[in-house]
Structure formats: C-alpha cells, structure tokens
Amino acid sequence: MLPHMAMDDTLWQDYEKQILDAGDIALLAEIEQKLFGRKSGALTLELKKLGEASSETRKSEGQALNTWKKKLDDAFVQRRQELTEKSAGSLAETDALDVTLELPKRERGHLHLIPEFIRNVEEVFGRMGFDVATGPEIETEDFNFNFLNIPDTHPARDSQDTFHIKMDAAPKNPGDRLVLRTQTSPGQIHYMQNHKPPFRVICPGKVYRKDTDATHSPMFHQFEGLMIGEDISLANMKAVMITAIRELISPTADFRFRTGFFPFVEPGLEVDMKWMGDEKESREGKWLEIVGCGMVHPNVLKTVGIDSTKYQGFAFGFGVERMIMLKHQIPDLRSFYEGDLRFLKQF
Ligand code: PHE
C-alpha cells in the first residue's frame, strides 16, 4: 500500500476543524501554508503522490482528495469572512463616535473668595468715588505706630501682637525699626504724604498679628479707607459705613455702632454686625466686630502737614475675613487658609 493510502479522512477533518476554529487571520494563513504550500503543503504532497499511483488508485484517491481540497478551500473562505466581520464589528464598537455622549467635565479655577471679595470692595467704593492705593507689608514703626499717634506705651505695640523684623543693627532712630504691618492704617500716612486734599481712598491688603483662633489669624486682610475734605462730618462716615455693609455683606444686615478707641481718630467708633447663622457657631457670640472708624485725629493731620483747621475727615479699617464670614456664615476664619477644595469650591 502506498503511504497516502493510509491516510484516512481524520487528517483532513482535523485540518478542517483547525480552520474553522482559527482565532485570527494570521493563524488561518499559517494553516493554509501547511495544507496548500507549494513545496510541502500536506495536501499538495498528497496530490503529487497521486502521480505515481496506479490509474485505479489515482481515480478513487484523486476524487476523494479533490473533494477534501474543495471542502477545505470553502472552510478557509468561510472562516476568513467570519473573522473579517468580527474585527470590523469590534472596530465599529471601539471607534464609534457617539455625539450624544457628555464630555468629561473640565475643571476651571476661580478666584479665592478673599481676592474676589476685595475686587468687590474696590468696585463698591469706586462707585462712591474712592481711589485705590496699596502700601508695603513691611513698615517702619513710625508708619505703623508713631505717625498714627500711637505712643510707645500703647498696648497695640505690645510685643505679643507685633511681628518684628530682625535687623543687622538696631537703627539710630527707634522709629526706623521694621515690623510686619499690624494694620493697613500706615496706608493713610503714605497717601496723605503724597496727595493734597480733598480725596477719598481705600487701601486693601494683608496685615499680621500674633493671634490665632476661630476669629483671628496671624495673617489676615483689611481695607483701610480715608476721606478728607473741607466739610466732612461723622454723618458722612456713617453713610459710607452703612452703604459698604449693606452692599458688601447683606442689604438686611443687622449692625450697631458703638464707641471705640483708636489713637489716630477722635471720636472713634466700632461697628459690630449680628451673626446671621447658627448662634452656636459664632465663637464670639452674636456680634462680631467688623470695622473700626472715626474722625481723623488732628495730630495725624499735623504729622503729614495737612492744616487741620481747614480740613477734616474720617478713616476706617474693615476686617475682610470677618465680613466674608458674616456674609456666608462661615464659623471658622481658619477655613480660608486651609486650601480644602471642598470648602473653596462653594464660593
Ligand atoms: N487700624 C484699626 C485696627 O486695625 C482700625 C481702624 C482704622 C480704626 C481706621 C479707625 C480708623 O483695628
């Protein structure tokens, strides 16, 4: 018996199964090579052998082999089509463009609530005719205290409250010692040294004090205000304070004026505003002081060379964080500086 005679259908059946099970086109091409390869393809070889067989065998074997060849050819065509459709289908799935899909959210930053509030302050005061000026955060004791009629003995100069800047050598004049400004009031002096009345100006910025709890922070913001002219009265000051509070915090804000002492004003007033949130949350009770103000002291005007018999006016200093706390019912001032996005994103 010729070797090919030993071949039964199982070999070709096995190939057929391999073809129909092939997972991808590359594997299919490999099988095709094994079967139909010109030199060593299994079926090619079998067909070659037929040439040496007897005519009888050639006839019967030839028919059987040709039937298998056709079958296997068909199997290749079928599987190739299946695989092509499959990959086209998955391409359609993965590359599909669904125009109804929502785009991923894009994060956009916004101003922190403090600079945002200060912009609003500048706008509201701008409408009342106030200019905006800024001054340095490092000041001399003269500017931060002496020129503001704050004598050496005043408790505000207590080293408990003031951050002093280390200097290589003590200056000859003690007034030249450097401090981090404890208030924006030195802005008044800078402005008055460089401008002739009448004028209206605000001076927003950072101030520093050795203080920290729910309503105090070692760095916080104030904005100073100053209005000097020939006929400026306490009534004008009250009108400006009330307008600022209603516009910047709330039109229904509940507030009270009471006397207060600041060496650079006479008389001096303070304005407290009623906490509108949960009473328990305000650590200072129902009322929070938000601004100190008063008529500019003649000594201050004299220091900067303004004739106090001709000119007078008022000054004020608002606490920015406290205004924002009252506006949004934020119980703890320290939340402003913790950088917690869950807090910041609300504003
Ligand atoms: N500078 C004062 C403070 O920091 C506030 C103030 C400003 C008071 C202007 C009167 C006039 O408390």
Side-chain angles (χ1 to χ4, degrees), residues 118 121 125 130 132-137 139-151 154-158 160-163 179-192 199-212 215-228 232-234 236-242 244-245 248 255-273 284 287-301 303-304 306 308 312-323 325 333:
I118 290 173
V121 166
F125 277 89
F130 282 75
V132 179
T134 52
E137 288 173 26
E139 282 287 9
T140 62
E141 288 192 12
D142 273 345
F143 275 85
N144 197 74
F145 299 120
N146 298 327
F147 297 165
L148 286 159
N149 200 32
I150 305 177
H154 193 274
R157 303 191 62 160
D158 196 317
Q160 290 295 307
D161 291 341
T162 308
F163 288 107
V179 297
L180 285 179
R181 69 177 175 194
T182 60
Q183 49 186 356
T184 44
S185 301
Q188 292 183 34
I189 307 296
H190 288 296
Y191 199 83
M192 287 192 282
F199 49 70
R200 310 168 195 195
V201 65
I202 57 165
C203 173
K206 291 181 167 69
V207 299
Y208 303 85
R209 290 182 198 176
K210 290 183 183 168
D211 238 350
T212 181
T215 49
H216 296 89
S217 144
M219 183 284 295
F220 60 102
H221 297 74
Q222 287 188 336
F223 65 91
E224 196 75 9
L226 181 67
M227 180 167 178
I228 304 285
I232 310 296
S233 73
L234 201 65
N236 299 131
M237 183 188 85
K238 280 186 84 171
V240 170
M241 296 297 94
I242 292 169
I245 293 168
L248 292 167
F255 51 85
R256 64 182 184 195
F257 285 88
R258 58 183 168 79
T259 53
F261 176 73
F262 304 96
F264 37 96
V265 290
E266 181 60 37
L269 297 174
E270 284 178 39
V271 185
D272 301 325
M273 199 186 126
E284 286 207 347
W287 296 96
L288 207 57
E289 184 206 327
I290 50 168
V291 55
C293 53
M295 300 304 287
V296 178
H297 199 290
N299 286 353
V300 176
L301 295 177
T303 302
V304 294
I306 291 177
S308 64
Q312 71 287 141
F314 60 85
F316 55 86
F318 275 93
V320 169
E321 282 81 350
R322 289 181 171 203
M323 294 177 91
M325 287 168 78
L333 181 145

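Counting starts at 1 for both ligands and their atoms, following the listed order.
Between L180 atom CG and E139 atom CD the span is 10.5 Å, to the nearest 0.5 Å. Between the NE2 atom in H190 and the CG atom in L226 there is a gap of 13.0 Å [rounded to 0.5 Å].
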Open item on the list: One pair to check against side-chain contact (heavy atoms from CB on, under 4.5 Å): L301 and I228. What are the steps and the verdict?
Closed with: CA-CA 10 Å; L301 295 177; I228 304 285; 4.0 Å; yes

Which pairs of N or O atoms, one from ligand 1 and one from the protein, are separated by less than 3.5 Å, and what is the distance for each pair?
| from | atom 1 | to | atom 2 | distance (Å) |
| --- | --- | --- | --- | --- |
| ligand 1 | 1 (N) | Q183 | OE1 | 2.8 |
| ligand 1 | 1 (N) | S185 | OG | 2.9 |
| ligand 1 | 4 (O) | R209 | NH2 | 2.7 |
| ligand 1 | 4 (O) | Q222 | NE2 | 3.0 |

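Q222 is linked by a side-chain hydrogen bond (donor to acceptor under 3.5 Å, both in side chains) to T184, counting only residues two or more places apart in sequence or in another chain.
The aromatic rings of F264 and F262 lie tilted to each other, with the angle between the two planes from 30° to 60°.
Inter-residue side-chain proximity for F125 and L248 is flagged as met; some heavy-atom pair is nearer than 4.5 Å.
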